Amino acid sequence: MRTEILYVAHLFRYHVIGLLLLAILNLPTLATQPQERGVRVVKNEAMRRVDVFVDGRPFTSYVWPESLTKPVLYPLRTAEGTIVTRGFPLEPRAGERVDHPHHAGLWFNYGDVNGVDFWNNSTALSAEERRKMGTIAQRRIARTQDGKDRGELEVETDWLMPDGQPIVREKTSFIFHARPNLRVVDRITTLTALDKRVVFHDNKEGVIGMRVRRELEQPSNEPLVFTDARGRPTAVKVLDNTGVSGLYRSSEGKTGDAVWGTRGRWAMLSGKVEQQDVTLAILDHPKNTGAPTYWHARGYGLFAANPLGQEVFSNGKEKLNFTLEPKQSVTFRYRVLIVSAATTPEQIEAQYARFVSEVK
């Protein structure tokens, strides 16, 4: 009898242990939680930023810190999470150039608006120099939207003259796309003149630009001095070219330094970052003023499209001086591609056709 009781007790104990094990195995854990999917756009205005996540991982952020004179997207990442933009001046990294402190992330502005420079302004300038510069001030976050394979952000900014008075109201829609091995940013920007005539005098400094990390620069063995629109020299020392692999190509077949100052529907910059193939591309829209754009693409890592600097890029053969009358508006449409793979010009051309069909 005692043996039977012990046997039943053992069975009961094992049954209880089994139930406990089943309960433990069914408890939610980090490993069994479903992974966050889709594109999420998260406002944090107290921290002066809007963060964009793809499947729970950071892609980019729209930021307007007090250390910058314009809002920017920073940093930009590949689908694998590799950062493709330069860290300086926001987060300096060893081995980077520290020239042009106004080159941060991905931005949109111009070098001569009614005679005022919005492009070269930065907190690195003296107080006297900054008093002659224009500033783009964040005004409000108009809308955010999450989605399965795209997220959206709408913002409004004011272009302020040196006396603090707004001259242009900007409304920009960012659309963030997530595809396999591909991240995409559409920037659709509408500029509206306020109560004064606004002239964008032909100038090489504009309009949509990004500054890339060291590995995506084109190799160079020469000490360089760059001069901005106001004649100020910026010396750039020679850096170690180990791992520097960038190469520009345009839709018109230009390569390397020959891309600068030429027109094209798109331009691409290909290289390797930590042995990973990376291709960046900026696509111009045929409805943009001045299309096809001129390329302000420099081997030291400035990748910019400028449809408004025609007199400079054409050596005086063309002239635009694009003008907005009071209350008049203009819209610019651009798509930026970040591809985690070696990419051919034919593939970029296919992406260009898709862009034109999707964005009207």
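This structure is a prediction, so every number in the text was calculated from the model and none was measured.
- Asp186 contributes atom CG, which lies 9.5 Å from atom NE2 of His285 (distance to the nearest 0.5 angstrom).
- By the 6.0 Å contact criterion, NZ on Lys360 is enclosed, its count of non-hydrogen atoms from other residues, nucleotides or ligands being greater than 12.
- Using a 3.5 Å distance cut-off with no hydrogens or angles, the side chains of Ser122 and Thr69 do not pair a donor with an acceptor.
- Within the 3.5 Å criterion, the main-chain N or O of Arg86 finds no donor-acceptor partner in the side chain of Arg97.
- Remark: Glu325 CD is packed, more than 12 non-hydrogen atoms of other residues, nucleotides or ligands lying under 6.0 Å away.
- Asp158 places no side-chain N or O within donor-acceptor distance of the main-chain N or O of Pro166, the cut-off being under 3.5 Å.
- Looking only at distances, a side-chain donor or acceptor of Tyr110 sits under 3.5 Å from a matching main-chain atom of Asn203.
- In terms of modelled atom types and a separation under 3.5 Å, the side chain of Thr279 and the main chain of Val339 share no donor-acceptor contact.
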**OP:** In sequence, state the C-alpha distance, the side-chain angles, and the governing distance for Val273 and Val84, and then conclude on side-chain contact (heavy atoms from CB on, under 4.5 Å).
**Re:** CA-CA 8 Å; Val273 178; Val84 298; 5.5 Å; no
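- In the hydrophobic clustering of this structure, Leu320 groups with Leu191; members are Ile, Leu, Val, Met, Phe, Trp, Tyr whose side-chain heavy atoms approach within less than 4.5 Å, directly or through other members.
- Side-chain atoms of Asn114 come within 3.5 Å of backbone atoms of Val199 as a donor-acceptor pair (strictly under, hydrogens ignored).
- Relative orientation of the His296 and Phe313 rings is tilted, given thresholds of 30° and 60° on the angle between their planes.
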Original post:
Could you walk me through whether Val356 and Tyr352 pass the side-chain contact (heavy atoms from CB on, under 4.5 Å) check?
Top reply: CA-CA 6 Å; Val356 173; Tyr352 172 79; 3.6 Å; yes
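- A salt bridge links Glu170 to Arg187: at least one charged side-chain nitrogen sits closer than 4.0 Å to a carboxylate oxygen.
- Nearest heavy atom pair, residue Asp149 against residue Val39, reads C-CG2, 3.7 Å.
- A distance-only check finds a donor-acceptor pair linking the side chain of Asp202 to the backbone of Asn321 [under 3.5 Å].
- For the pair Tyr334 and Asn288, the minimum side-chain heavy-atom distance is below 4.5 Å.
- Other residues, nucleotides and ligands contribute over 12 non-hydrogen atoms within 6.0 Å of the CZ atom of Arg143.
- Under the 4.5 Å side-chain heavy-atom criterion for grouping Ile, Leu, Val, Met, Phe, Trp and Tyr, Val259 is not connected to Tyr294 through any hydrophobic cluster.
- Of the charged side-chain nitrogens involved, none lies within less than 4.0 Å of a carboxylate oxygen, so that Glu36 and Arg57 do not count as a salt-bridged pair.
- Salt bridge Asp55/Arg37: present, at least one basic N to carboxylate O contact under 4.0 Å.
- Trp260 and Val212 are not part of a single hydrophobic cluster, where members link through side-chain heavy atoms under 4.5 Å apart.
- With hydrogens and angles ignored, the 3.5 Å screen pairs no side-chain donor or acceptor of Asp51 with any backbone N or O of Val42.
- Between Trp107 and Trp119, the ring planes are perpendicular. Angles over 60° get that label, and only those under 30° would be called parallel.
- Across every non-hydrogen atom of Arg335 and Val359, the tightest pair is NH2-CG2, 4.0 Å.
- A side-chain donor from one of His103 and Arg211 sits under 3.5 Å from a side-chain acceptor of the other.
- Relative to the ring axis of Phe53, Arg40 places its NZ or CZ within 45° and under 6.0 Å from the centre.
- Checking side-chain atoms of Glu205 against main-chain N and O of Asn120 turns up no donor-acceptor pair under 3.5 Å.
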**OP:** Kindly indicate, with the supporting measurements, whether the criterion side-chain contact (heavy atoms from CB on, under 4.5 Å) is fulfilled by Leu280 and Val336.
**Re:** CA-CA 7 Å; Leu280 309 178; Val336 177; 5.9 Å; no
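- With hydrogens and angles left out, the side-chain atoms of Thr82 and Gln276 include a donor and acceptor closer than 3.5 Å.
- Side-chain atoms of Pro75 and Thr85, non-hydrogen and from C-beta on, do get closer than 4.5 Å to each other.
- Around the NZ atom of Lys254, the shell of radius 6.0 Å holds no more than 12 heavy atoms that belong to other residues, nucleotides or ligands.
- Side-chain N or O atoms of Lys287 include none that pairs as donor or acceptor with a backbone N or O of Arg333 at under 3.5 Å.
- Below 30°, between 30° and 60°, or above 60°: for Phe303 and Trp295 the angle between ring planes is between 30° and 60°, a tilted geometry.
- Residues Phe174 and Val185 approach most closely at CD2-CG1, 4.2 Å, considering heavy atoms.
- Look at Arg213 and Glu215 and you find a salt bridge, because one of the NZ, NE, NH1 or NH2 atoms lies within 4.0 Å of a carboxylate O, short of that distance.
- Between Tyr62 and Trp64, the ring planes are tilted. Angles from 30° to 60° get that label.
- In terms of heavy atoms, Ile167 sits closest to Phe118 at CG2-CZ, 4.5 Å.
- The hydrophobic cluster containing Met210 also contains Ile338, counting ILVMFWY residues as joined when their side-chain heavy atoms lie under 4.5 angstrom apart, directly or transitively.
- The backbone N or O of Phe332 sits nowhere less than 3.5 Å from a side-chain atom of Thr189 that would complete a donor-acceptor pair.
- Salt bridge status for Glu96 with Arg214: absent, with no side-chain N to carboxylate O gap under 4.0 Å.
- There is no path of hydrophobic side-chain contacts, each under 4.5 Å, that joins Leu76 to Trp266.
- Under a 4.0 Å N-O distance rule, the pair Arg263/Glu318 qualifies as a salt bridge.
- Side-chain contact check for Thr60 versus Phe176: some heavy-atom pair is nearer than 4.5 Å.
- When side chains are defined from C-beta on, Arg183 does not count as touching Arg77, because their heavy atoms never get closer than 4.5 Å.
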